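This structure is a prediction, so every number in the text was calculated from the model and none was measured. Chain A is the first sequence line, chain B the second, and so forth, proteins listed ahead of strands; every chain is numbered from 1.
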Number of protein chains: 4
Amino acid sequence: MAPRHKESERDAVMKETRELLLGAAAEEFAREGYRGANINRISRAAGFAKGTIYNYFPSKRAVMLALIEETAKAHADYIVEQVMEEEEPIGRLERFFQAGFAFVPSHLPQSLVMVNNIYGPDVEFKEHMYQAYQPLFQLVGQEIVAHGIARGAFRPADPVATAALLMTIYLGTGSTVDDKGRPWLDPRQVATFALDGLRGGEPEVGEGGTS
Amino acid sequence: MAPRHKESERDAVMKETRELLLGAAAEEFAREGYRGANINRISRAAGFAKGTIYNYFPSKRAVMLALIEETAKAHADYIVEQVMEEEEPIGRLERFFQAGFAFVPSHLPQSLVMVNNIYGPDVEFKEHMYQAYQPLFQLVGQEIVAHGIARGAFRPADPVATAALLMTIYLGTGSTVDDKGRPWLDPRQVATFALDGLRGGEPEVGEGGTS
Amino acid sequence: MAPRHKESERDAVMKETRELLLGAAAEEFAREGYRGANINRISRAAGFAKGTIYNYFPSKRAVMLALIEETAKAHADYIVEQVMEEEEPIGRLERFFQAGFAFVPSHLPQSLVMVNNIYGPDVEFKEHMYQAYQPLFQLVGQEIVAHGIARGAFRPADPVATAALLMTIYLGTGSTVDDKGRPWLDPRQVATFALDGLRGGEPEVGEGGTS
Amino acid sequence: MAPRHKESERDAVMKETRELLLGAAAEEFAREGYRGANINRISRAAGFAKGTIYNYFPSKRAVMLALIEETAKAHADYIVEQVMEEEEPIGRLERFFQAGFAFVPSHLPQSLVMVNNIYGPDVEFKEHMYQAYQPLFQLVGQEIVAHGIARGAFRPADPVATAALLMTIYLGTGSTVDDKGRPWLDPRQVATFALDGLRGGEPEVGEGGTS
DNA sequence: TATGAATGAGAGTTCATTCAT
DNA sequence: AATGAATGAACTCTCATTCAT
């Protein structure tokens, strides 16, 4: 009944509203944590009345879950674009870290929220994170780790688990940039660690014993 | 007025009550996060009425701050005892990781809380963590990193920052042992990374370029 | 966006809700005192859920402060209307006392709260009372006291301070009408005192003496 | 069994402890009001542990009731001593006011508490005040008011009610000395009012009207 | 008699969510 | 689709009172 472009116009408006809400949510969640976040404040910060957010998400939890998904997608797009321009394993790994360290400040609230969820107490969010990042884990596992192992550049290891490790490292590293800029962790050094780790020296440290 | 034994007996009881409360707090904070934690539940879980915890700590925040301090102390004692039995740098580093990986499961709730604070949104807690861990950072920085650098076992790096990095690595690694034991991160591999990283291959990855 | 009537209709409803809440607050404060008053009970007594009052006032203190202001305004309107119909100083003073003694029973809870604040321990409330009553003090000071002094009907005295005294007298007098109607103080006699006091006989009682 | 003076010594100590507690209670009640007062703080301020006050008074209410009684007694003693030195009605009235205005600052916390109770919401305290002050009301009523009326110095009035009025006036006046010394009410002027009021000019103001 | 740890009812306040407009 | 008043569960913190020592 209504003209078709009206429909799609409304769709566009709704999509934009949704993005505004998720952006405001990222900032609120980053600043206050999930429990401390105020959903009314999110809706207001996005420029809407407090009830509006409930037209887009059924609950506060659903906002976080949606934010996790969106961020994982954006993250994956960003990483893939950068990594696939390179062919060599070492080069891909370097690209991966460059892209990773660039992603964090350019999506700071989102990154903080992700890290918060990784190490936070909420099991459902952790699980959702894990699911949402599967595609990226797979891709990094295949196109960087397995690729490098196959070419003999890296020592053998589980590709997906290693991908998770790599991402966790730079996400965590990037997130320790606190207000006062106190450098608990040094990104450069972290990257070096990771590269050395993948290339491998002798294996075996840990419970295994020294003998 | 009262005999001295009575006084010290009371002190002992109060000290134990305090420990019970902090133990219950660690579990609650680990399970629910700071914001989600219920201070009445903590007091009940420790075996007391809900008001009792306020005879020991003036506020919920104060409970967390005290827990951070206690844990940092226990952590430092634990690490130092293990590490100092060894003389060789590589041996010390291995001991450090063994002790670290052992500390986490033996103080799981406390460790989860620490990690949660490191990556959580509360700036006061972060700051307090940093302060409380200074002694351990110093010690690890001196007795492992600087010690190893001096003996040529490790490549040069800032000792204290490196100490923070090492601890963050195993704390974070140990804390991803979620309910289902899903191994996002593999401790052994992490330790290998770290050891390789300290021993060094070529430096330079990250923004710095290859030059 | 919404039609204008809707807006003003909502405004009217909110205003009425506010008045209901302040009315209930006056009764609760009068019966229990500020500290003893239960803000949930206020909201319930006004016909709302306990949280509703927080949509109108940010705190319990704010409710009291608003009540002080509203009452001072109502009080001033009431007094002014009565007093200004008369021209002669003595007549105005009589009108003032008539209006005052009539105001108290017709706004009994509010009056009790005011007196309670005047003689109560809360300095912020006292200060707020003083500020809120300034307009009435000024008016009574000018239109009754100074007016009467200028015409030679009253002896010279500071108009504003005298206004405060007069009001305090009838507020206090009216407020001793306790549940059992026990007449500690007799309004008629009080008014006589005040009139005689203003008209003056010999001055001087008390420590000083003008000689 | 125990020697007799030990007994009376203990009585003396207990009496002093009681006085210390009531003194601290007066200050706490004056500063915080009854509901806001903290009974533990009272016991501490008196130099004892928080439980000690319960060895002397069965409850917080009982502390206030005892304080009312003690203060009324002290007040009566003070007034009677001053007033009875004079024979003439006017002289007695002047003495009464002098003594009254002197009593308030020399027993400021107690006076503030009394006034607070007179105008406060607690009916039991009001009642207790009224009972405790009966002896003083009777005395002032007889020895000043009735005495003066009998000698033709004052106009006829109910002696006891007038006594209550006079006391209320100077208690209230003295109690408006707030922190900043803001003079809502001027003691001198108040005394003049009262004297004139007793001596009488024309009667009739108030609801009766003159017409 | 004095002590102070323990208790638990109760209060102020927050905020996710609902729903009539 | 957007609004915001209303709701009430839930939470932190206070403190009068008890009682074993």
| note | Taking for G51(A) and for G51(D) the nucleotide of DNA chain F with the nearest heavy atom, the one nearer the 5' end belongs to G51(A)
| Pairs in or reaching into residues 13-27 of chain C: which pass salt bridge (Lys or Arg N to Asp or Glu O under 4.0 Å), with residues at least two apart or in two chains? | R18(C)-E70(C)
| message | For DNA chain E, which residues of residues 58-71 of chain A approach it to below 4.0 angstrom with any heavy atom? | response | S59(A), K60(A)
| Contacts to DNA chain E from residues 28-47 of chain B, heavy-atom cutoff under 4.0 Å, which residues? | R44(B)
| message | Counting distance alone, no hydrogens or angles: does the base of dA2(F) have a donor or acceptor under 3.5 Å from a partner atom on the side chain of N55(A)? | response | yes
| query | Rounded to the Å, how far apart are K50(B) NZ and dT12(F) P? | reply | 10 Å
| request: Please identify each residue that fulfils side-chain contact (heavy atoms from CB on, under 4.5 Å) with E32(D), with sequence neighbours left out. | output: E28(D), R41(D)
| remark: For residues 44-62 of chain D, the side-chain hydrogen bond (donor to acceptor under 3.5 Å, both in side chains) pairs (sequence neighbours left out) are R61(D)-D122(D), R61(D)-E124(D)
| message | Applying ring-ring contact (aromatic ring centres under 6.0 Å, His included), can you list everything that pairs with F29(B), at least two apart in sequence or on another chain? | response | Y34(B)
| task | Could you list the residues that satisfy side-chain contact (heavy atoms from CB on, under 4.5 Å) with A46(D), not counting sequence neighbours? | result | L20(D), L21(D), A24(D), F48(D)
| field | Residues forming a side-chain contact (heavy atoms from CB on, under 4.5 Å) with R35(A), sequence neighbours excluded | value | R35(B)
| Is there a side chain to side chain contact (heavy atoms under 4.5 Å, CB included) between I42(B) and N38(B) once you walk through the steps? | CA-CA 6 Å; I42(B) 292 173; N38(B) 180 322; over 6 Å; no
| field | Between dA5(E) (P) and F48(B) (CZ): distance, integer Å | value | 12 Å
| remark: Listed range with range, the stems formed with DNA chain F by at least 3 consecutive Watson-Crick or G-U pairs (under 3.5 Å) are E:2-21 with F:2-21
